[in-house]
Protein chains: 2
Amino acid sequence: MTTLKDIAKEAGVSTATVSQVLNDKENPFISQATKEGILQAAERLHYIPNRVARDLARGSTMVLGVIIPRAADLFFPEVVEGIEEAASTKGYDIVLSYSAGNFQKERKHIQLLLERKVDGLLVAPLENNQNIPIFRELLERKFPFVFIDRYLPEVKTDFVVSDLKDGACEAVSYLIRLGRTKIVHITKDSNISTVRDVLEGYKMALMKNGLKINQELVKAVNSEISSNSYEAGYNGMKKLLEKRVDFTAVFCIDDNLAVGALKTLKEAKLKVPQDISVVGMDNLAVSSYLTSPLTSVAQNKIQMGKLASEILIKRIENPENKKKQIFLKTNLILRESTNEKEI
Amino acid sequence: MTTLKDIAKEAGVSTATVSQVLNDKENPFISQATKEGILQAAERLHYIPNRVARDLARGSTMVLGVIIPRAADLFFPEVVEGIEEAASTKGYDIVLSYSAGNFQKERKHIQLLLERKVDGLLVAPLENNQNIPIFRELLERKFPFVFIDRYLPEVKTDFVVSDLKDGACEAVSYLIRLGRTKIVHITKDSNISTVRDVLEGYKMALMKNGLKINQELVKAVNSEISSNSYEAGYNGMKKLLEKRVDFTAVFCIDDNLAVGALKTLKEAKLKVPQDISVVGMDNLAVSSYLTSPLTSVAQNKIQMGKLASEILIKRIENPENKKKQIFLKTNLILRESTNEKEI
DNA sequence: TTGAAAGCGCTAACAG
DNA sequence: CTGTTAGCGCTTTCAA
């Protein structure tokens, strides 16, 4: 293993000079000759800088930790893309961890990332409240962290989420304008902010339009991380049909549930959108390639990641900034699953 | 920030003793009393160990670096799950990076992970050859790394991949048994091992069954990472129809392409499976929830990750082991997109 | 049973 | 313009 010392010896200078040159410092006016000598020596000896040593000496890692609930997913990774993009332009690397729907893992990863001395944390917290004390402790210690996609009202930190209340309200209002007033809402049995906000938006749209809220129309399916969303949507819809619930539209909290629901409807020989209109949320890429391309509430995932990253970095650089809580506008994408012309 | 020294002072012992206790060493018979004193002091002072310092002192990080082509994907993350599972049981953490279809990023991430002093690397290499010298250098320096999902024949290292040749051959043979002899193969314009192996399997099945290989039936679509696979499959199939290519079955190199192809077929009013049988590879969760549930060649992704992880760790512990090159059996899952009864 | 001390590789004053 | 030096926080041998 070549170290700075080796290069210093090889180039006949001190390690300090080598360090300066290799880090491309501005001020020190080191002669072009020694500079080149050092660079060449480094090249010749196949030098690989040791970040572990550098980080220890500097007392900072220039790394952001990111914790999201799952890997095999089409939503969060896109947010992470945005995070990475913004982070790297500011010179930060990111380290990714998965809480896998398990609050012990969430805690473990927070702990690990702190031990690794990341400069800040981006977290999509689990629906499980159990780590609230942990987050509060971070807050007290003024350790910078930002929530993404969902927030915990009990933890007053920065966050960047979609304005799902508004998005849901828009989607449901659109269904009502199509004349579909008996709207099922397929959601998850969870109390995370996204679920609450969407439900609120759904109710708000009904109320605004003078419609009653019928609890029978709200179907909450299993939201465990390990569960298959498609299957959950499929089974949820099946139960509604078995109960002979009367409805003309379905509003799902995510596109995956909607895919499952569509399958049940098809098996029941119900036509989409002629008999039933269907709307999802997330606007996943696959949604437009379904047999009934899915109308969906699009979220700007890349933007969410970018903003969150930027806010975190600002907080790292200036811990006393005012907390920022951002709700990003969504965008209703119309496709055949609600196409009014085909009714 | 509390350090070992603070705890030592608080507990009235030396840092060496604190280190021993906190690392739960076996041998040193430290008195129960001092042990507890130390543990309590650590607790009281909210001690968080500094891994950066520990790693530097130890000269090893117990971290495996993982590089996969993309995040927003349903294949690789599952492999990563397997990797993580096996790694964590051996006490290793993993750090995940994405090459994003860009060989410069691939190189940059290899470099970064080396600087971070990971103990080994798991890589799904890009189709781009440009980093072969880098991998060869790793090989020369005896730095442990294992390829996953795909391999570079030019780089003689360990790898764990699916036996796609065999899997493809089985799938195509099955189509032939169904009486579908004019089989289109939708694949990618890439020379990565997976693409080559599947094509070979396709050809092998045709030859075994005395059928001619018709280049007109092999359609290679854009494989750029940034491209939308669904769209690529959709457009690829469209071109085949426009050219009036005569076929009765479609064998796609992945399920995403198959979803796009299914959409084109539907728009052309071709019935699946009555007119055209369709087979994909990967067996993604969504495949069974499509309007025409997709027959697919399943790969054991979790197992792939686990095995790769285990092999890497063995190599780290024993660099001189013989290289292992593993081809995992695949599994043909039959669904309606080829259901013979409906023909 | 425990402590002193050297050192992991690099950085950053400060001195010259 | 360049070198000396004192750490960063932790581990680990060796001695007591």
Side-chain angles (χ1 to χ4, degrees), chain A residues 1-39 41-42 45-63 91 111-119, chain B residues 1-39 41-42 45-63 91 111-119:
Chain A
M1 240 220 60
T2 20
T3 71
L4 272 196
K5 220 190 257 177
D6 301 323
I7 299 179
K9 204 181 294 171
E10 178 91 359
V13 295
S14 77
T15 61
T17 309
V18 177
S19 175
Q20 299 276 19
V21 171
L22 260 29
N23 284 301
D24 227 5
K25 294 285 183 192
E26 314 147 349
N27 277 344
F29 298 172
I30 299 172
S31 77
Q32 201 54 33
T34 50
K35 235 181 215 170
E36 273 174 17
I38 289 169
L39 260 12
L45 299 177
H46 296 294
Y47 175 66
I48 298 178
N50 184 333
R51 292 258 315 208
V52 179
R54 175 166 149 323
D55 288 348
L56 178 61
R58 288 233 256 253
S60 143
T61 56
M62 293 298 282
V63 170
Q111 173 74 13
L112 266 175
L113 290 168
L114 292 180
E115 293 184 3
R116 288 248 152 70
K117 298 298 166 194
V118 298
D119 291 340
Chain B
M1 241 222 57
T2 29
T3 69
L4 273 197
K5 220 190 258 175
D6 300 324
I7 300 179
K9 204 181 293 172
E10 178 89 0
V13 295
S14 78
T15 60
T17 311
V18 178
S19 174
Q20 301 275 18
V21 171
L22 259 31
N23 284 302
D24 225 4
K25 295 285 183 190
E26 316 148 347
N27 276 344
F29 298 173
I30 300 171
S31 78
Q32 201 56 33
T34 50
K35 236 181 214 172
E36 273 173 18
I38 288 169
L39 260 11
L45 298 177
H46 295 294
Y47 176 65
I48 298 177
N50 184 333
R51 291 259 312 207
V52 179
R54 175 163 147 328
D55 288 348
L56 179 62
R58 289 234 255 250
S60 142
T61 55
M62 292 299 281
V63 170
Q111 173 74 13
L112 267 174
L113 291 167
L114 292 181
E115 293 184 6
R116 289 247 153 73
K117 298 294 163 197
V118 298
D119 292 340

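Throughout, a chain's letter reflects where its sequence line sits, starting with A, and its residues are numbered from 1. As the structure is a computational prediction, the values presented were derived from the model and not from experiment. Only this structure's heavy atoms are used, side chains among them; waters, hydrogens and symmetry mates stay out.
In this structure, Tyr47(B) does not reach the dG9(D) phosphate: none of its side-chain N or O atoms is under 4.0 Å from OP1 or OP2. At the phosphate of dT11(C), neither OP1 nor OP2 sits under 4.0 Å from any side-chain N or O atom of Thr15(A). Checking the phosphate oxygens (OP1, OP2) of dT11(D), a side-chain nitrogen or oxygen of Ser19(B) falls inside 4.0 Å. Distances shown here put a side-chain N or O of Ser31(A) below 4.0 Å from the OP1 or OP2 atom of dT2(D).
Axis angle, first five pairs versus last five pairs of the helix from dT1(C)-dA16(D) to dG16(C)-dC1(D): 40°, rounded to 10°.
Backbone-only engagement by Thr3(B) is indicated by non-hydrogen atom pairs under 4.0 Å involving sugar-phosphate atoms exclusively. Using a 4.0 Å heavy-atom distance criterion, Val13(B) is classed as a sugar-phosphate-only contact. No engagement by Asp55(A) is indicated, since no non-hydrogen atom pair under 4.0 Å with the nucleic acid exists.
The nearest pair of heavy atoms linking Asn23(A) to Arg54(A) is OD1-NE, 4.3 Å.
Distance, Gln20(A) CD to dT11(C) P: 9 Å, rounded to whole Å. Atom P of nucleotide dT4(D) and atom CG of Leu4(A) are separated by 15 Å, given to the nearest angstrom.
With Thr15(A) contributing its side chain and Leu4(A) its backbone, the two residues share no donor-acceptor pair below 3.5 Å.
Side-chain contact between Lys9(B) and Leu45(B) is absent, with no heavy-atom pair separated by less than 4.5 Å. Inter-residue side-chain proximity for Leu112(A) and Arg51(B) is flagged as met; some heavy-atom pair is nearer than 4.5 Å.
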